[in-house]
Every structure is written in C-alpha cells, then in structure tokens.
Amino acid sequence: AALLCGSCAKSTPSGLNDSAKRYFDAWISVHYPNVEKTFPGIYIIQDTPGNMGYLPGVADCPYSYIDYEIKDLNGNITSTTNPETAKQLGSYSDSYYYGPEVISRSYSSVNAGLEAMLSTMKVGGERTAVIPGWLTCSSRYDKEEDYLKKESGDNVIYNIKLRDGLTELA
C-alpha cells in the first residue's frame, strides 16, 4: 500500500517567484487587507491627488521631478531624497545631493512599479505604494504573470511626491 501511495505523488514545478508571491500576498493581507491591487500589481496605500493637471504619458513627458522615500516591508528606510531623514539614519553624506531628483520615465530607466505609480498621478500629488519585487525591474510586460515568471527583486514601499513633469532637460 505504501508503494502505491508513493507512486501517486506529483511534484509541481516551482516558478521563479512562487514563494515570494505567497509571502508578499500574505504580508499584504495582514498589513493592508482592504487595499486593492492596481495594474500591473502595485498596492496604493495612500494617495493625495495633485492639482496641477494630469502628467502626460511617457512620450509627451519623459522626465519626472520627484522627492522619494523607499522602505523595505519592515519599515526600514533604504533610500531618501530628504537630508534630515538621512541625518537621522546616519547615512547622510556631504558629497551626495539631497532634494528632488529628475528621473527618466523612458523604457528601462525606471522600474515598472514606480512607472505604474507615476502614470496616473497629477503634478503636486503624493502617493505611497507597496511594490512587489517582481515589479522592481525595468522590463515591461502586459500581464503580472509575465513579471512573475521572468523577474525577481526586493519588495519595497515607495513614497513619492511629484513636483513636476518635464518634456526635456535644460
């Protein structure tokens, strides 16, 4: 009988992000159970709309001028444009520029999750979103499943303030 039961066992193939997705989904269900996922798979947990018109698409407005703070899922700040925060963390350096940064929104220049955050923001807005590791890549796919199959990275919580959209750099 033991031989028969053992022969029926099937192993299911494991994808690149299967365990990471289970962990991330569990984390979201505990910390933000009522927040809905937006395409391509980010969770917007705070949103203060801007009042200066919609930021045009990437083709019309390829650069964004932003302040940001990046945290891991434990709430540890891993990167910031705020000098006071950097001083409090002990990571401040006189040789580093603190303040709003210009980021290119062109393909492969900004991660897919951050681009998803920016794509529906108005200038002057502030947004916080949880971005799963598979969306911290610069690749673009049509479905979340494609990100899950092909990309891997660290889960992050982004807080961004969109100061302006730029059509060109001076």
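Predicted model only: the values in this text are computed from it and were never measured. Counting from 1, the numbers follow the sequence of the chain as shown. We use all heavy atoms of the structure for the numbers below, so side chains are in, but hydrogens, waters and symmetry mates are not.
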For residues [X] and [Y], report the shortest heavy-atom separation together with the two atoms involved.
X	Y	answer
Asp67	Gly99	OD1-C, 3.7 Å
Ile42	Ala116	CD1-CB, 3.9 Å
Leu135	Asn111	O-OD1, 3.5 Å
Gly165	Val123	N-CG2, 3.9 Å
Ser29	Ala26	OG-O, 2.8 Å
Tyr96	Thr80	CE2-O, 4.4 Å

| said: Among residues at least two apart in sequence or on other chains, which ones pass side chain to side chain contact (heavy atoms under 4.5 Å, CB included) with Leu89? | reply: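 Leu89 satisfies side chain to side chain contact (heavy atoms under 4.5 Å, CB included) with Ile77, Thr85, Ser91 only.
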
| With sequence neighbours excluded, what pairs up with Asp47 under the side chain to side chain contact (heavy atoms under 4.5 Å, CB included) test? |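 Expected list: Ile44, Arg127.
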
| said: Applying side-chain hydrogen bond (donor to acceptor under 3.5 Å, both in side chains), can you list everything that pairs with Asp72, at least two apart in sequence or on another chain? | reply: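 side-chain hydrogen bond (donor to acceptor under 3.5 Å, both in side chains) check on Asp72 returns Asn76.
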
| field | Ser104: side-chain hydrogen bond (donor to acceptor under 3.5 Å, both in side chains) partners, not counting sequence neighbours | value |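 So Ser104 forms a side-chain hydrogen bond (donor to acceptor under 3.5 Å, both in side chains) with Ser106.
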
Kindly write out the residues that satisfy salt bridge (Lys or Arg N to Asp or Glu O under 4.0 Å) with [X], not counting sequence neighbours, or none if the list is empty.
X	result
Lys71	Glu69
Lys149	Asp146
Glu84	Lys87
Asp25	Lys21

When rounded to the nearest 0.5 angstrom, what distance separates [atom1] in [X] from [atom2] in [Y]?
X	Y	atom1	atom2	value
Glu144	Asn17	CD	CG	10.0 Å
Glu101	Arg163	CD	CZ	12.0 Å
Tyr158	Leu118	OH	CG	9.5 Å
Ile157	Leu73	CD1	CG	5.5 Å
Ile66	Glu126	CD1	CD	11.5 Å
Arg140	Glu151	CZ	CD	10.0 Å

| request: List the steps, then state whether side-chain contact (heavy atoms from CB on, under 4.5 Å) holds for Ile131 with Met117. | output: CA-CA 9 Å; Ile131 300 175; Met117 286 178 72; 3.9 Å; yes

Going by ring pair (Phe, Tyr, Trp, His ring centres under 6.0 Å), name the residues that satisfy it together with [X], two or more places apart in sequence or in a different chain.
X	value
Phe39	none
Tyr43	Phe24
Tyr23	none

Any [X] side-chain heavy atom under 4.5 Å of [Y] side chain:
X	Y	value
Asn155	Pro132	yes
Ile45	Val130	yes
Thr78	Val156	no

| query | Can you list every ring-ring contact (aromatic ring centres under 6.0 Å, His included) pair that touches residues 65-93, not counting sequence neighbours? | reply |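 Applying ring-ring contact (aromatic ring centres under 6.0 Å, His included) to every pair that reaches into residues 65-93, excluding sequence neighbours, yields Tyr92-Tyr98.
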
| Stepwise side chain to side chain donor-acceptor pair (under 3.5 Å) check, Thr48 with Gln46 | CA-CA 7 Å; Thr48 304; Gln46 179 274 326; 2.7 Å; yes

| task | Please report the C-alpha distance between Ile160 and Met121 in whole Å, then the side-chain angles of each, then the deciding distance to 0.1 Å, and finally whether the side-chain contact (heavy atoms from CB on, under 4.5 Å) criterion is met. | result | CA-CA 10 Å; Ile160 59 174; Met121 287 183 73; 3.6 Å; yes

